[in-house]
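Report on the following structure.
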Amino acid sequence: MINLVKEKNPMPEQDPMVRNKNFKEVSTGYTEDMAINEAMRCLKCRKKPCTTGCPVRVRIPEFIEKIAEGEFEEAYQIISDTSSLPAICGRVCPQENQCEGVCVQGVKGEPVAIGRLERFAADWHREHFKDEVIEKAEGNGHKVAVVGSGPAGLACAGDLIAKGYEVTVFESLHKEGGVLAYGIPEFRLPKSIVAAEVSKLADKGVKFVNNAVVGMSMTVDELFEDGYEAVFVGTGAGLPQFMNIPGENLLGVYSANEYLTRINLMKAYIPEYDTPIHISKRVAVIGGGNVAMDAARCAKRMGAEEVYIVYRRSMDEIPARKEEIHHAIEEGIKFQLLTNPVAIKGTDKAYVCGLECVEMELGEPDSSGRRRPVEKKGSNFVLDVDAVIMAIGTRLNKLILETTENLEPNKKGGIGADEKTGETSHEGIFAGGDAVTGAATVILAMGAGKNAADSIDKYLESN
Amino acid sequence: MYKIVGKRRLNSTITWLEIEAPLVARKAKPGQFIILRTDEYGERIPLTMAGHNSEKGTIDIIYQAVGKTTLLLDQFEVGDALADVVGPLGKPTEMEGLKRVAVVGGGTGNALAYPIAKGMHDAGIQVDMIAGFQTKDVVILEDEFRAGTTNLYITTDDGTYGEKGFTTDKLKDLIESGNAYDEVVAVGPPIMMKFVCQLTKKYDIKTVVSLTAYMVDGTGMCGGCRVVIGDENKFACVDGPEFDGQLVDWDELIQRNSFYQEQEKEDMSHICRLTGGVRYHD
Ligand SMILES: Cc1cc2nc3c(=O)[nH]c(=O)nc-3n(C[C@H](O)[C@H](O)[C@H](O)COP(=O)(O)OP(=O)(O)OC[C@H]3O[C@@H](n4cnc5c(N)ncnc54)[C@H](O)[C@@H]3O)c2cc1C
Ligand SMILES: Cc1cc2nc3c(=O)[nH]c(=O)nc-3n(C[C@H](O)[C@H](O)[C@H](O)COP(=O)(O)OP(=O)(O)OC[C@H]3O[C@@H](n4cnc5c(N)ncnc54)[C@H](O)[C@@H]3O)c2cc1C
Ligand code: SF4
Ligand code: SF4
Ligand code: FES
Ligand SMILES: [Mg+2]
């Protein structure tokens, strides 16, 4: 039986004016009935276009059919065949550009809520299999090191441990998860879910060595000396960028990484935690990606009265996930579009007191196909703010490249690696995720980690 | 967990700790620092390594209790363990080509200057150390300094110990009396470092300073530790912490170090939570 309703089953959510004052998850998740009802919207298309839209080829119609039948655990198992982190991807994948973007139901109405169903299946599994006995794969005696515990590293470690390798993950922070732990806020991705994935891997036998900055605490070459036969580098692209405009070192100017790390990793929003954060009344966040939305919504929750997204193009070009933009607007974030900052103003004590901007208009399309914003001469104005958060992108940290001989960079300054196999210029070193591609997505990083695990397996088998 | 294996009070506010951290000890070099977290609720704070023992797998830190986290750290005793220690971080002190160096330390900065002075001395460089303190009661590590340098000069602001005066006075004397230094290293309160740099500029002596900026990760990920060196923004944790002092924008550094002061003061007023080395949690 097919559900002919053209719209997705709405996601139960906290009221916007309530949730913008707390850090609890915004979307509370489908109930079993909602999930079944939504699953029945799937047309079971023979060509499965949705599946081609998913970077890791989740067998979408198959798992959705199981949900429709009420076989939730089976649905979860189907997803798990190809995806390592379904509870996470169901929440944070930019589905509108991926699976749901090519769903046939989306032609005349809304696509099937694939992401929400994926999340439902994963959450259902986590709740109903709390004491699941994890079976450990039989060891094959080979040791592999994984550097970085973001989605790329976790996925790689998960696949390698399943193949019988002895896997150790080295992470520079005190907590595992990469951006999932320090960047994406609790209200969008509860940290308990990330922790559950990590502890599942630990139960399977993956060793986690935190507080290990590879390149400083030990080099990649020393990992080989210590007996690791292959190394996967999934160190992300965490180096924050600034605009190089006057006033960027005033008190109250943060990189989004710093702001989000203080809040998410260090939990500055909970009084019991010691890490300080400045409480600002009026905040400008510069940028239009997911990072900017997260920073803006955190600022609101930290008590700011006005929060602006300052973005130099229009709503048509804004790169953040649709759902996040929608949520941000609901929560009262103001969008200052076609606006570019030119200087930050400070008080005589060097505290931020304003953001000077200039209005923009869209000109000819540039190489990326997006219309290029050009300044409107003389349109300068000052936005009255006391904090500015820079969310204009990140670059690769060069530490591993600089401390590993014969490891070559790629054109973007990332680690040079075959995007399919993860192979680098250095025998035995594989790389993937943001460290190779520059800032991308969780699912792409996860996919790269899985592909590298395959390559590492082939490499070590043939050696 | 990172076990504390040695603890020694150096004066009423400064304490020396030896901590088990084998991964750090294996690679540590003079001038580098660690970041520690006392427990799950703690903030990440940077502290210079005063020494290390690679065989024992231990590192030494010397800290002054100035606020919440360092006071909390003060509650830890031998046998207790810290939640996190990460390192070594930052660039090691550059020593190549140096023959004669003056190392100037001010207050707690002496503790940070000590590993640099000793490292240079161990490497065969002649090291004159000027260790400045406010008064006799707070003088620390005199024996260690003496053993780890060629000449040691202690100054106190009030003249209760060593020579009366500021470190800059002594440095000026030494330079004027014909000591030709390849380099001066200054570690202490920013205002002291600023004055040392003003002095050495006149004599055209390269001056290296160790900057203490607010840090979170210590790996170049947050940008919170940015300092202006010349016309460029640098991250103190990965590009430093040592920089050419003549290029530092001191006023900006001093300003940036005041950013969280109100909140830090408020944290101190909740010091009732620091009970007998254990935090209170419900
Ligand atoms: C705020 C924010 C929001 C985002 N929102 C979304 C979203 O909604 N949907 C989406 O798909 N994507 C989103 N992204 C992008 C996504 O999070 C990243 O593409 C993804 O996390 C990349 O995974 P990774 O494993 O390659 O690297 P990371 O997640 O960056 O993990 C790298 C890990 O390596 C560690 N590391 C770095 N250097 C070293 C070293 N030398 N030694 C040891 N460890 C090291 C780091 O500490 C980190 O833990 C967002 C990113 C940010 C910052
Ligand atoms: C590279 C480096 C090496 C250092 N080495 C030493 C050392 O060997 N011994 C020592 O006693 N101190 C050292 N410090 C300073 C030490 O980190 C601070 O004294 C400590 O963080 C104070 O924390 P608190 O909570 O006790 O005090 P608070 O009251 O919170 O802070 C007091 C002052 O310490 C500084 N500070 C606070 N938090 C941080 C932080 N997260 N990062 C950097 N500075 C901060 C600020 O200037 C602040 O105004 C070093 C700092 C840096 C950056
Ligand atoms: S992993 Fe992401 S892209 Fe793939 S089906 Fe799930 S939500 Fe869609
Ligand atoms: S494209 Fe949409 S409707 Fe068709 S099988 Fe996939 S999810 Fe179902
Ligand atoms: S402490 Fe975060 S970049 Fe230096
Ligand atoms: Mg503090």
Side-chain angles (χ1 to χ4, degrees), chain A residues 170-175 179 182-183 209-213 215-219 222 235-242 244 248-262 265-268 270-279 346 349-351 390 394-399 402, chain B residues 2 21 23-24 26-28 32 34-45 67-69 72 83-90 214 216-228 233 235 238 249 251-253 255-256 258-264 266-267 270 273 279-282:
Chain A
F170 295 88
E171 166 57 51
S172 61
L173 291 171
H174 59 263
K175 195 158 251 127
V179 169
Y182 76 73
V209 180
N210 293 351
N211 298 321
V213 187
M216 298 298 284
S217 312
M218 72 284 280
T219 61
E222 283 164 334
T235 45
L239 199 70
Q241 278 182 299
F242 291 87
N244 295 317
E248 269 182 320
N249 288 353
L250 289 166
L251 306 181
V253 183
Y254 291 90
S255 75
N257 266 7
E258 180 184 355
Y259 193 74
L260 291 168
T261 299
R262 284 183 184 274
L265 181 71
M266 304 312 297
K267 308 213 179 313
I270 305 175
E272 281 71 24
Y273 285 77
D274 293 340
T275 299
I277 191 153
H278 210 261
I279 302 302
K349 292 226 167 77
Y351 281 83
M390 294 288 172
T394 52
R395 283 173 298 152
L396 187 97
N397 191 321
K398 295 261 182 284
L399 183 59
E402 279 169 359
Chain B
Y2 301 82
L23 278 185
V24 188
R26 193 161 84 149
K27 301 285 281 188
Q32 291 186 302
I34 54 136
I35 284 184
L36 66 76
R37 216 167 57 117
T38 50
D39 58 32
E40 177 54 29
Y41 297 83
E43 64 181 329
R44 294 169 65 101
I45 66 159
K68 172 98 177 262
T69 303
L72 191 55
D84 299 289
V85 173
V86 59
L89 301 170
Y214 271 111
V216 185
D217 57 299
T219 63
M221 185 266 273
C222 75
C225 64
R226 60 198 186 277
V227 288
V228 176
N233 250 339
F235 290 177
V238 287
D249 184 336
D251 298 337
E252 187 185 278
L253 180 77
Q255 233 155 22
R256 283 186 68 80
S258 71
F259 190 42
Y260 293 106
Q261 254 164 24
E262 268 169 48
Q263 227 184 314
E264 283 159 348
E266 163 150 355
D267 277 347
H270 297 307
R273 276 170 49 199
R279 267 179 208 248
Y280 243 76
H281 293 297
D282 31 44

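First the proteins, then the strands, lettered A, B, ... as listed; each starts at 1.
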side-chain hydrogen bond (donor to acceptor under 3.5 Å, both in side chains), that's the test. Do Asp217(B) and Tyr182(A) meet it? Break it down for me. CA-CA 11 Å; Asp217(B) 57 299; Tyr182(A) 76 73; over 6 Å; no
Asp249(B) CG to Asn249(A) CG distance, which is reported to the nearest 0.5 Å: 8.5 Å
Part of Glu252(B) within contact of chain A (heavy atom distance under 4.5 Å): side chain
Check: Val216(B) and Leu265(A) side chains under 4.5 Å, non-hydrogen atoms: no
For residues Leu173(A) and Arg44(B), determine if any side-chain heavy atom of one lies less than 4.5 Å from a side-chain heavy atom of the other. yes
Which bit of Phe259(B) is near chain A, if near means a heavy-atom gap under 4.5 Å: side chain, backbone, both or neither? both
Atom pair CD (Glu222(A)) and CZ (Arg26(B)), whose distance is rounded to the nearest 0.5 Å: 5.5 Å
For Ile45(B), which atoms come within 4.5 Å of any heavy atom of chain A: side chain, backbone, both, or neither? neither
Which atoms of Asn210(A) are under 4.5 Å from chain B, going by heavy atoms: the side chain, the backbone, both sets, or neither? backbone
Going by heavy atoms in the side chains, are Leu251(A) and Arg256(B) under 4.5 Å from each other? yes
Ion pair check, Lys175(A) and Glu40(B), cut-off under 4.0 Å: yes
Salt bridge (Lys or Arg N to Asp or Glu O under 4.0 Å) with Asp251(B): which residues, sequence neighbours excluded? Lys194(B)
What pairs with Arg226(B) under salt bridge (Lys or Arg N to Asp or Glu O under 4.0 Å), at least two apart in sequence or on another chain? none
Shortest non-hydrogen contact from Leu23(B) to Met218(A)? CD2-CE, 3.7 Å
